[in-house]
Amino acid sequence: MSAESETGSLIDEGVTVGYGDGSEPTIGERARIRAGSIIYHDVEIGDDFITGHNVLVREHTTIGDKVLIGTQSVVDGNTTIGSHVSIQTNVYIPTNTHIGNDVFVGPGVVMTNDMYPIRSEYELTGPTLEDNVSIGANATILPGVTIGEGAFVAAGAVVIEDVPPHTLAVGAPATYRELPAPLQGENTIRK
């Protein structure tokens, strides 16, 4: 069963809004938050936010307008997500990641922020996805990598270094090619 709020939002039973210590999260109008989702304190979310089931949004995250986060996806803290962003099912977004506007992140994408997991000290630095980036299913994006504006990362690619704007990244490790004509232009995120 869902409860409609004064802002036109629908929030299912079994949702936690405001977990942990800090300021109550701010959620804009017309949100649709599905069962099992947890939104921590110190989170700011714009209008028309939609989740699948069992989504986790950690503290100190800022999310723009018209953002979809798919079922079983995790957004760790200290992350920014722009507007008109579609994050599909089973996506992991680590701490200290920046995602621009009009970005598509396919199902099963894993982003990382630790270059040397538990082996040595390293400042956690997530990737940056600039505006109009598309990431295909099951791609892996390594720490500190910038995916340039309008770039397209193919399904299954392992991105270990920056991707120039308006470039296609394919393979493991990814190599870069000219963006084919059908993939040129801006993303149109529909909801």
Side-chain angles (χ1 to χ4, degrees), residues 25-28 31-33 37-40 42-52 55-115 123-169 174 179 183 185-191:
T26 302
I27 300 174
R32 177 66 174 104
I33 304 174
S37 295
I38 301 171
I39 299 172
Y40 274 59
D42 297 317
V43 170
E44 295 179 24
I45 299 172
D47 295 335
D48 302 303
F49 176 66
I50 298 174
T51 73
V55 167
L56 177 65
V57 179
R58 295 286 308 266
E59 65 277 2
H60 305 294
T61 294
T62 302
I63 298 173
D65 297 328
K66 296 186 178 181
V67 172
L68 165 73
I69 300 179
T71 296
Q72 299 287 348
S73 290
V74 174
V75 179
D76 271 341
N78 299 305
T79 292
T80 60
I81 298 173
S83 294
H84 304 278
V85 174
S86 182
I87 297 167
Q88 300 297 296
T89 298
N90 289 322
V91 171
Y92 177 69
I93 300 169
T95 300
N96 301 326
T97 295
H98 173 75
I99 297 175
N101 298 311
D102 302 299
V103 170
F104 177 83
V105 180
V109 169
V110 174
M111 300 179 205
T112 62
N113 66 355
D114 191 347
M115 189 66 76
E123 184 177 341
L124 300 179
T125 306
T128 296
L129 281 57
E130 294 182 347
D131 295 346
N132 286 297
V133 163
S134 289
I135 309 291
N138 294 312
T140 301
I141 315 296
L142 268 57
V145 167
T146 296
I147 310 295
E149 182 173 352
F152 194 104
V153 175
V158 178
V159 181
I160 63 172
E161 57 187 29
D162 293 352
V163 178
H166 309 289
T167 299
L168 174 64
L179 196 61
L183 299 180
E186 296 182 348
N187 289 340
T188 304
I189 305 296
R190 295 179 183 95
K191 289 201 309 178

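Heavy-atom basis, side chains included; hydrogens, waters and symmetry copies ignored.
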State the CG-CD distance between Asn132 and Glu149, to the nearest 0.5 angstrom. 6.0 Å

Please check: side-chain N/O of Asp131 versus main-chain N/O of Asn101, any donor-acceptor pairing under 3.5 Å? yes

Looking at Met115 and Pro143, what are the two nearest heavy atoms and their distance? N-CG, 3.6 Å

Please examine the side chains of Phe152 and Thr167, heavy atoms only from C-beta on, and report whether any two atoms are closer than 4.5 Å. no

Is it the case that the side chains of Gln88 and Ser86 hold a donor-acceptor pair, with the cut-off being a distance below 3.5 Å and no angle test? yes

Where is the tightest heavy-atom contact between Asn187 and Ser134, given as atom of each residue plus distance? OD1-OG, 3.0 Å

If you apply the rule side-chain hydrogen bond (donor to acceptor under 3.5 Å, both in side chains), what do you find for His98 with Thr80, and how did you get there? CA-CA 5 Å; His98 173 75; Thr80 60; 2.5 Å; yes

Nearest 0.5 angstrom please: Glu44 CD to Ile27 CD1, how far? 11.5 Å

Looking at Ala169 and Ala174, what are the two nearest heavy atoms and their distance? CB-CB, 4.1 Å

For a side-chain contact (heavy atoms from CB on, under 4.5 Å) check, start with the C-alpha distance between Asp48 and Val67, then their side-chain angles and the critical distance, and finish with the verdict. CA-CA 7 Å; Asp48 302 303; Val67 172; over 6 Å; no

Side chain to side chain, Val57 and Ile63, heavy atoms closer than 4.5 Å: yes

Sub-4.5 Å side-chain heavy-atom contact between Val153 and Ile147: yes

Could you grab the distance from atom NE2 of His60 to atom CG of Asp42, nearest 0.5 Å is fine? 4.5 Å

Rounded at 0.5 Å granularity, tell me how far CG in Asp47 sits from CG in Asp65. 5.0 Å

Under a 4.5 Å cut-off applied to non-hydrogen side-chain atoms, are Asp102 and Thr188 in contact? no

Considering all heavy atoms, the nearest Gly100-Val85 contact: O-CG2, 3.3 Å

Look up atom CD1 in Ile135 and atom CD1 in Ile87, then write down how far apart they are to the nearest 0.5 Å. 11.0 Å

For Ser37 and Val55, indicate whether the former's side chain and the latter's backbone hold a donor-acceptor pair under 3.5 Å. yes

Thr89 versus Thr71, closest heavy-atom pair with distance: CG2-O, 3.2 Å

Within the side chain of Thr140, is there an N or O that forms a donor-acceptor pair under 3.5 Å with the backbone of Ala157? no

Within a strict 4.5 Å, meaning less than it, do heavy atoms of the Val75 and Ile69 side chains meet? yes

Can you tell me if Asn113 uses its side chain to pair, donor with acceptor, with the backbone of Thr95 under 3.5 Å? yes

Value rounded to 0.5 Å, distance of CD1 in Ile99 from CD1 in Ile93: 4.0 Å

Answer whether the closest heavy-atom distance between the side chains of Val109 and Asn90 falls below 4.5 Å. no

Looking at every heavy atom in both Leu183 and Leu179, which two are closest together, and how far apart are they? O-CD2, 3.5 Å

Report yes or no: does Thr125 contribute a side-chain atom to a donor-acceptor pair with the main-chain N or O of Asn96 at less than 3.5 Å? no

Under 3.5 Å: donor-acceptor pair, side chain of Ser73, backbone of Val91: yes

Side chain to side chain, Leu56 and Tyr92, heavy atoms closer than 4.5 Å: no

Run the side-chain contact (heavy atoms from CB on, under 4.5 Å) test on Leu129 and Val105 for me, step by step, so that the C-alpha distance in whole Å, both residues' side-chain angles and the decisive distance to 0.1 Å come before the verdict. CA-CA 10 Å; Leu129 281 57; Val105 180; 4.1 Å; yes

Spell out, as yes or no, whether a donor-acceptor pair under 3.5 Å connects the side chain of Asp162 to the backbone of Val145. no

Test item: Thr61 and Asn78 side chains (from C-beta on) under 4.5 Å apart, heavy atoms: no

